[in-house]
Amino acid sequence: AKKEWLEVTYEKVDGMKFTVKGKEGDNLLDIAVNNDLDLEGFGACEGTLACSTCHLIFKKEDFDLIEEPCTDEELDMLDLAYGLTDTSRLGCQVCLTKKLKGMTVKVPEGTADARSM
Ligand code: FES
């Protein structure tokens, strides 16, 4: 089946929202990068699970629909993320699916790059 373009909104703490389209199956880091989103420091390790700057906070209902399980490696990185919540994931580890279409994810203020700690 042909992959669909799906809408997703990134919301910064200052209330600024970016609604963009990403291809089904692309991860939330790639979608932010491909759309040139102005998110300072986001995705510093380019999705290699070596930072935690791609930390995103999901609404509970969306969080429960994420298909990718959170691995130990991701959890270790998340532990270092600034402002960790119960519905936090790393954007580079979560792919956009039809079920998640139209969701809004929050981009936390401040990023912690694990590589500089
Ligand atoms: Fe570094 Fe996701 S971009 S862990």
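Below, all heavy atoms of this structure are taken into account, side chains as well, without hydrogens, waters or symmetry copies. Indexing begins at 1, ligand by ligand and atom by atom, following the structure's order.
Separating the CE atom in M16 from the CG atom in L39 is a distance of 9.0 Å, to the nearest 0.5 Å. Here the NZ atom belonging to K60 is positioned 8.0 Å from the OG1 atom belonging to T87, to the nearest 0.5 angstrom.
Shown in contact with L49 at under 4.0 Å from a heavy atom are these atoms of ligand 1, numbered in order with element: 4 (S). With ligand atoms numbered from 1 in the order given, ligand 1 contributes 3 (S) to contacts under 4.0 Å with heavy atoms of G43. Listed by number with element, the atoms of ligand 1 under 4.0 Å from a non-hydrogen atom of C54 are 2 (Fe), 3 (S), 4 (S). Numbered from 1 in the order shown, with element, the atoms of ligand 1 that lie under 4.0 Å from a heavy atom of L29 read 3 (S). Under a 4.0 Å criterion applied to the non-hydrogen atoms of C92, ligand 1 contributes the atoms 2 (Fe), 3 (S), 4 (S).
Remark: the backbone N or O of L29 is paired with a side-chain donor or acceptor of N27 at under 3.5 angstrom. Of the possible donor and acceptor atoms, none in the side chain of D62 sits under 3.5 Å from a partner among the backbone N and O of F58.
Among the backbone and side-chain atoms of C51, none of the N, O or S atoms lies under 2.8 Å from atom 2 (Fe) of ligand 1. Among the atoms of C45, none of the N, O or S atoms falls under 2.8 Å from atom 2 (Fe) of ligand 1.
The protein heavy-atom contact nearest to atom 3 (S) of ligand 1 is G47 N, 3.3 Å.
For K101 and E7, the salt-bridge test fails: no basic side-chain N is under 4.0 Å from an acidic carboxylate O.
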